[in-house]
Amino acid sequence: MRDKIIDLELQASALEPNSEERQVFRDRVVAYTERFIDTIEENKAFNYTEDQGAGLYSSPISEEPISIDDALTLFEEHVEKPGLNPASGGHLAYVPGGGIYHASLGDYIAAITNRYAGVFYPSPGAVRMTNMLIRWMADLVEYPDSAAGNLCSGGSIANLTAIVTARDAKGIKGADYHRCVIYTTSQTHHSIDKAINIAGMSEAHRTYVEVDESYQMVSAALEKQITEDKENGLIPWLVVGSAGTTDVGAIDPLKEIGQIAKKNNLWFHIDGAYGGFFSLTRKGKELLNGIQLSDSIVMDPHKGLFLPYGLGVLLVKERKHLQYTHRYSAAYFQDVVEAEDELSPADISPELTKHFRALRLWMPLKLCGTKPFRACLEEKLLLAQYFHDKMAEMAGFEVGQVPKLSVATFRYVPESGDANAFNKKLLQKILEDGRIFLSSTDLEGRFTLRLAVLSFRSHLRTIDLALEIIAAKTAEILNS
Ligand SMILES: Cc1ncc(COP(=O)(O)O)c(C=O)c1O
């Protein structure tokens, strides 16, 4: 048996490369990523390729290894090249972010040291770092000391965690689901609807409260509906306000919603996945006033703090609600010593084994300080405004409301013919060019183009390029 074990150790030794082998891997990976960053401005934001990455299948997972050079070539050809480059400043669609370099260093160290970040007892430092970041964000939204929160993979999972916490906090049981009411608007992110379904609450009533011309919830309509619902024997349970909608960047009247929710005993959740971190700026702070009245809020560092994908945050004003829904133990945890002053993430979130997500956020915040984040967010607000103003001057274009945050909408209105078809074609042409990547949405039947500025790599020159491309592609269609 000993011989067999020793032989297996030898066979498995590739799993622990020695220092020279590590150096080769590291040099190649660093050379690759340096080239990626150094050429990012010359490269397209969006690339149509023939096979859309299917060439990856030509190298199936097998018993035998390939070299680091071959692995990087496969990655470059079939993953980096086709489709969207979300790291590009030209990514101006959906909700960009970018992926700041410092976060990659945090991920690198987190992966190598593999610190467990779920429970204080085995990993006090990692848990303290997590809690310290949660506290920093809780301060940003003026939550009291009783607040707690969770670092998760993104806004959708953060919203889901909020929904189940809100359900339990308000004592909603299965037998009540068909009577309870959720108030959102037509602009609320679909991850909320998805979360309701995943939580098993698809029978609940969903009321899309009226919005005004800026796509913001009309608070008087909310209050009226709550009163009517109560009279009809329903249970008004949850109101979701948006701190920046995805479509147009609208901000619901958070203060008024907060007051209505309090008066009527509703849970007030805010989806600030896109807009929450604008609280770092003076303008954002003013616009998001009322955020502190919420019971829970979601903010995505992989959007508003420009982190690489994989970090969303849920904050809950009263930690006891998170604990009530998520705290469980097991016999094999009998040795765990509870910390008196620190919450363990596993007690307030669905995960047990957890990626050490804090490090990818702590590293950039410590290495840069918060100042450049604030400046970058302010720059984005101004860039959206600049784009909006320039588009408003461009002949034939209709623009949406002045951007509250960093999303601007616009569409070409041809003198004759189908405006929706024209704008669809315009978007297609912009994507074929590929230097910038835009997306569209449907606003009351109008095919509308949107430009969302949130990549830390989008600057004045990017927006000027976008304006130039939009003008040139419009002219091409008109002249064809
Ligand atoms: C307002 C809003 N909420 C929630 C989400 C979902 O976040 P994620 O994609 O991180 O799951 C998004 C994504 O764009 C969003 O814009």
Side-chain angles (χ1 to χ4, degrees), residues 84 86 91-99 103 137 141 149-164 166 182 184-199 206 208 211 214-217 238-252 254 257 268-279 284 287-288 291 294 296-315 349-351 355 357 360-361 377 380 384 403-409 437-443 448 450-455:
L84 166 66
H91 175 21
L92 299 160
Y94 310 113
V95 181
M137 290 181 273
V141 298
N150 180 43
L151 303 184
C152 60
S153 59
S156 301
I157 298 299
N159 275 328
L160 173 61
T161 312
I163 297 295
V164 293
I182 301 149
T184 60
T185 73
S186 57
Q187 299 293 305
T188 306
H189 194 267
H190 65 278
S191 58
I192 295 288
D193 279 328
K194 199 168 164 180
I196 302 282
N197 279 349
I198 298 172
R206 296 176 208 198
Y208 297 105
V211 290
S214 308
Y215 297 100
Q216 296 168 179
M217 186 185 281
L238 167 73
V239 54
V240 180
S242 296
T245 60
T246 319
D247 267 6
V248 302
I251 301 171
D252 288 326
L254 304 177
I257 298 174
F268 177 25
H269 175 65
I270 294 182
D271 183 357
Y274 155 57
F277 281 108
F278 282 104
S279 308
L287 286 170
L288 299 175
I291 210 167
S294 61
S296 55
I297 176 163
V298 163
M299 312 206 286
D300 272 0
H302 69 194
K303 298 184 175 73
L305 291 180
F306 324 114
L307 256 67
Y309 294 142
L311 193 62
V313 174
L314 167 67
L315 302 171
S349 72
E351 288 171 308
H355 173 50
R357 295 189 181 97
R360 64 196 333 254
L361 178 56
L377 286 164
K380 304 310 157 220
K404 277 247 160 58
L405 295 173
S406 68
V407 179
T409 57
F437 183 64
L438 298 185
S439 57
S440 71
T441 191
D442 180 318
L443 293 174
T448 303
R450 55 190 287 293
L451 177 133
V453 205
L454 201 59
S455 167

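Everything numeric in this text was worked out from a predicted model, so none of it was measured. For ligands, and for the atoms within them, numbers begin at 1 and follow the listed sequence.
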(message) Applying a heavy-atom cut-off of 4.0 Å, say which part of T245 lies close to ligand 1: side chain, backbone, both or neither.
(response)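 For T245, no heavy atom sits under 4.0 Å from ligand 1.
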Distance to 0.1 Å, residue and atom name: give those for the protein heavy atom nearest to [atom].
| atom | answer |
| --- | --- |
| atom 15 (C) of ligand 1 | H189 CD2, 3.3 Å |
| atom 9 (O) of ligand 1 | K303 NZ, 3.7 Å |
| atom 3 (N) of ligand 1 | D271 OD2, 2.6 Å |
| atom 11 (O) of ligand 1 | S156 OG, 2.6 Å |

(request) Compare all side-chain heavy atoms of S296 with those of L314 and state whether any distance is below 4.5 angstrom. (result)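 Sidechains of L314 and S296: in contact.
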(request) Measure the shortest side-chain to side-chain distance between M137 and L151 over non-hydrogen atoms and say whether it is less than 4.5 angstrom. (result)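 A side-chain contact under 4.5 Å exists here.
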(message) Which residues pass the ring-ring contact (aromatic ring centres under 6.0 Å, His included) test with Y208, not counting sequence neighbours?
(response)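 For Y208 there are no ring-ring contact (aromatic ring centres under 6.0 Å, His included) partners, ignoring immediate neighbours.
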Could you list the atoms of ligand 1 found under 4.0 angstrom from a heavy atom of [X]?
| X | value |
| --- | --- |
| H302 | 10 (O) |
| V95 | 14 (O), 16 (O) |
| G155 | 7 (O), 8 (P), 10 (O), 11 (O) |

(message) Can you list everything that forms a side chain to side chain donor-acceptor pair (under 3.5 Å) with K380? Sequence neighbours excluded, please.
(response)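 If we apply the side chain to side chain donor-acceptor pair (under 3.5 Å) test to K380, skipping adjacent residues, there are no hits.
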(request) State whether the side chain of H302 and the backbone N or O of L307 hold a donor-acceptor pair below 3.5 Å, judged by distance alone. (result)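 Checked: no pair found.
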(message) Using a 3.5 Å distance criterion without hydrogens, assess whether the side chain of S214 forms a donor-acceptor pair with backbone atoms of Q216.
(response)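 It does not hold such a pair.
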(message) Counting only heavy atoms, tell me which of T246, I192, V240 gets closest to atom 16 (O) of ligand 1.
(response)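 Residue with the shortest heavy-atom distance to the ligand atom: T246.
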(message) Can you tell me if S191 contacts ligand 1 (heavy atom of the residue under 4.0 Å from the ligand)?
(response)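 Yes, S191 has heavy atoms under 4.0 Å from ligand 1.
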(request) Show the numbers, then the answer: is there a side chain to side chain donor-acceptor pair (under 3.5 Å) between Y274 and S406? (result) CA-CA 10 Å; Y274 155 57; S406 68; 2.7 Å; yes
